[in-house]
Amino acid sequence: MLAALLFSKCQNHGDHNAISSATRKELPVLCQEGGMPNLFVSETGTMYLTWIEFLNDSTDALYFSTLKRDKWSTPGTIALGTDWFVNWADFPSLAVYRGNDDFLTVHWLQKSAAGTYDYDVQIAQSQDHGRHWTQRFRPHRDSIAAEHGFVSLLPLPEYKMLAVWLDGRKMTSGDTSQTHHDHGYAGPMTLRCAIFDTEGYISYEHELDDQVCECCQTDAVVAASGITVVYRDRSHDEVRDISIVRFRKGKWTTPKSICNDNWKIGGCPVNGPAIAAFGDTLAVAWYTAADGIAQVKVAFSYDGGENFEDPTRIDEGKPLGRVDIVMLSHKEAIVSWMETLEDGAQILATTVTPKQKQGETIVITNTSKSRQSGFPVMEKIGSQIVFAWTQADSVSVVKSSILELKKLD
């Protein structure tokens, strides 16, 4: 069934651009106090921003806004909650069904039991561009009090949506006081997926990897040859490198490493990969600290993820990671990440090809290196790259800016 939902032609076609000659401007967000922003661009070219607004000490709200003429619209409220799991690294998302911007789906996280990491993925949908939202449902149907999160939503043809997430159903011992961060957990974190439609009907479920890193973000794209998912894996001897699984010829491939960094670490680094596609060209960005050397790397594949070129290191020497990536063409991408300063951090961006960095590294903004600053995100729309991040000062707020790309002569 899943094979029939794939399409054979990439929808993202961009011009060759130079980041070093781009102009930047601030894009104010109507956020009073909040964080954990995320971005999505629909098939019709509409940019969406979501974030969590902190209404008071006990109540959170999930807001969304659309970009119109370089201005964010008045926020719409998706949901309110007093029992959400709000985490700096595991943030909500919004996606739009293919072919109709009225059909939206969102996810957030809600506590399911007393354990610190017992929470579920909650999904709500709208058929009128966010004016009304349906009763929520869960893409996982295990009914086990455990961790379910780090979700990637990916629109498919025929009004279907793929959800990929980290699933802790095998980790729990049934004792809600025991979590996977203790030494006595029962089993591994797994990577799972499901497909649902605009009515919330779940038609497909599958385990993609039976042992993965516990709390790093996932990412997913549809390349010309099919669905591709990237994530931080975990071997039995605690090597936590970046792996890939692909849906090809009606089935999921066996997980394989993109690059053998051989980063052996006894706990989750909370630093997931990012992937972008242009036709059957894929670009993956990730953070590693193998051999005690912190690095941000980018690797390209020209055959839909079957093989990857040798990676290029793009950081400035003291990276925090927290990467994102977008494609400009089949041979060039923009990658963003956070770099440590003596008294804080910066969000940086540069262009990269399979062989080397291109041009200068630019500063998007100065920020805090604390967890409260979260994970910056970016998306391409036309000739613009939109960035969004949490500015963690005395009050945390969501901020954004636009990078206007210029064509090379």
Residue K355 excluded, over 12 heavy atoms near NZ under 6.0 Å: no

Q32 backbone acceptor or donor facing E53 side chain under 3.5 Å: yes

Exceeds 12 heavy-atom contacts within 6.0 angstrom, atom CG of D57: no

Centroid-centroid distance, F196 to F137, less than 6.0 Å: yes

For the student: nearest non-hydrogen atoms of W286 and C259, plus distance: CZ2-CB, 3.6 Å

Sub-4.5 Å side-chain heavy-atom contact between T228 and R246: yes

N/O donor-acceptor pair under 3.5 Å between K357 side chain and I314 backbone: yes

Polar contact flag, side-chain donor to acceptor under 3.5 angstrom, T365-T367: no

Q346 to L341 - nearest heavy-atom pair and separation: CG-CD1, 3.3 Å

Donor-acceptor pair, side chain of N87 and main chain of A89, under 3.5 angstrom: yes

Residue that, paired with F300, satisfies side-chain contact (heavy atoms from CB on, under 4.5 Å) out of T281, L282, T312: T281

CG/N56: more than 12 non-hydrogen atoms of other groups inside 6.0 Å: yes

Sidechain-backbone polar pair: R232 side chain, R240 backbone, donor-acceptor under 3.5 Å: yes

Whether R248 side chain and T253 backbone form a donor-acceptor pair below 3.5 Å: no

Whether D102 side chain and Q127 backbone form a donor-acceptor pair below 3.5 Å: no

E214 and R234 ion-paired at < 4.0 Å: yes

Between CE on residue M47 and NZ on residue K380, distance to nearest 0.5 Å: 10.0 Å

Lys/Arg N to Asp/Glu carboxylate O, R169 vs E207, below 4.0 Å: no

Donor-acceptor side-chain pairing of S58 and T82 below 3.5 angstrom: no

Donor-acceptor side-chain pairing of T218 and S152 below 3.5 angstrom: yes

Residue pair D241 / D261: nearest heavy atoms and the distance that separates them: OD2-N, 3.1 Å

Polar side chain donor-acceptor pair, D233 to S235, under 3.5 angstrom: no

Heavy-atom closest pair, residues C215 and E147: CB-OE2, 4.4 Å

No-hydrogen, no-angle side-chain donor-acceptor test under 3.5 Å, Y119 and D90: yes

Parallel, tilted or perpendicular: ring planes of H206 versus W252, cut at 30 and 60 degrees: parallel

Pair W72-L67, side-chain contact (heavy atoms from CB on, under 4.5 Å): steps then yes or no: CA-CA 5 Å; W72 291 114; L67 186 61; 3.6 Å; yes

Residue pair T361, E339: steps toward the side-chain contact (heavy atoms from CB on, under 4.5 Å) verdict: CA-CA 11 Å; T361 295; E339 192 90 13; over 6 Å; no

Electrostatic pair K318:E342 at N-O distance under 4.0 angstrom: no

Qualifying residue, where the test is side-chain contact (heavy atoms from CB on, under 4.5 Å) with T350 and the options are I334, V296, D315, V335: V335

Between D101 and T46, a side-chain donor and acceptor under 3.5 Å: yes

Whether Y159 and F103 hold their rings parallel, tilted or perpendicular, with breakpoints at 30° and 60°: perpendicular

Side-chain donor or acceptor of T105 paired with backbone N/O of A95 under 3.5 Å: no

Check: F85 ring centre within less than 6.0 Å of W108 ring centre: no

Side-chain heavy atoms of K256 within contact of I244, under 4.5 Å: yes

Shortest non-hydrogen contact from L80 toward A61: CD2-CB, 3.3 Å

Stepwise side-chain contact (heavy atoms from CB on, under 4.5 Å) test for H148 and R192: CA-CA 10 Å; H148 306 82; R192 298 186 67 88; over 6 Å; no

Side chains of D280 and S225, donor plus acceptor under 3.5 Å: yes

The single option from L27, L405, D70, L403 passing side-chain contact (heavy atoms from CB on, under 4.5 Å) against Q384: D70

Non-hydrogen atoms of L166 and C216 that approach each other most closely: CD1-O, 3.5 Å

Spatial distance of atom NZ (K399) from atom CH2 (W389) [nearest 0.5 Å]: 7.5 Å

